[in-house]
Amino acid sequence: DFILKINSNSQKNIIAKDGSGDPTRFKNIVTVKIEILNKGKTQSNFLFVEDFTYNNDNNKFNLKRYEKEIKNNLAGIVTDKLTFKLSNIR
């Protein structure tokens with residue numbers, strides 16, 4: 001039996017601003033660190049980093065909803081990659 005220690009982080013960065021200093025583009029970065037323990041000892045470590053760049057939206061409700069969708073999509077990508085890695089561990 002394996003034990004997974006998972007540490008995740010999500011970060012939103014402004015990567016472009018207009019002439020008045022208002023943000024026009026963002027980058028959302030999801031980082032997931034995973035330590036796999038077997039019989040109390042570290043067997044493997046994985047680091048997954050996924051990001052997505054997108055434009056600002058004047059409608060803040062739509063922007064928040066879109067950002068949530070982005071995070072869910074990035075988490076899904078990490079989950080797929082983790083599943084593949086775990087299926088190859090012996």
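The analysis underlying the following values was restricted to heavy atoms, covering all of them including side chains, and did not include hydrogens, waters or symmetry mates. In this chain, residues are counted from 1 in sequence order. None of the values given here were measured: they were computed from a predicted structure.
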Does [X] have more than 12 heavy atoms from other residues, nucleotides or ligands lying within 6.0 Å of its [atom1]?
{"X": "Lys60", "atom1": "NZ", "value": "yes"}
{"X": "Asn58", "atom1": "CG", "value": "no"}
{"X": "Lys64", "atom1": "NZ", "value": "no"}

*asked:* Quick check against the 3.5 Å criterion: does Asn56 have a side-chain atom that pairs as donor or acceptor with the backbone of Pro23?
replied: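 Such a contact is found between Asn56 side chain and Pro23 backbone.
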
*Main-chain N/O of Ile15 paired with Asn13 side-chain donor or acceptor, under 3.5 Å*: no

_Could you work out, with salt bridge (Lys or Arg N to Asp or Glu O under 4.0 Å) as the rule, every residue matching Lys81, not counting sequence neighbours?_
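By the salt bridge (Lys or Arg N to Asp or Glu O under 4.0 Å) rule, Lys81 matches Glu50.
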
*asked:* So, using salt bridge (Lys or Arg N to Asp or Glu O under 4.0 Å) as the criterion, who are the partners of Lys85 when residues are at least two apart?
replied: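 For Lys85, no residue satisfies salt bridge (Lys or Arg N to Asp or Glu O under 4.0 Å) once neighbours in sequence are set aside.
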
*Among all residues two or more places apart in sequence or in another chain, which pass the side chain to side chain contact (heavy atoms under 4.5 Å, CB included) test with Arg65?*
Phe61, Asn62

*Among all residues two or more places apart in sequence or in another chain, which pass the side chain to side chain contact (heavy atoms under 4.5 Å, CB included) test with Thr42?*
Glu35, Leu37, Asn45

*asked:* So, using ring-ring contact (aromatic ring centres under 6.0 Å, His included) as the criterion, who are the partners of Phe26 when residues are at least two apart?
replied: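 Here the qualifying residues are Tyr54.
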
*side chain to side chain donor-acceptor pair (under 3.5 Å) pairs, two or more places apart, involving residues 16-26*: Asp18-Ser20, Ser20-Asp22, Arg25-Asn55

*With a 4.5 Å limit on heavy-atom distance, are the side chains of Val49 and Leu47 in contact?*
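The answer is yes; the side chains approach within 4.5 Å.
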
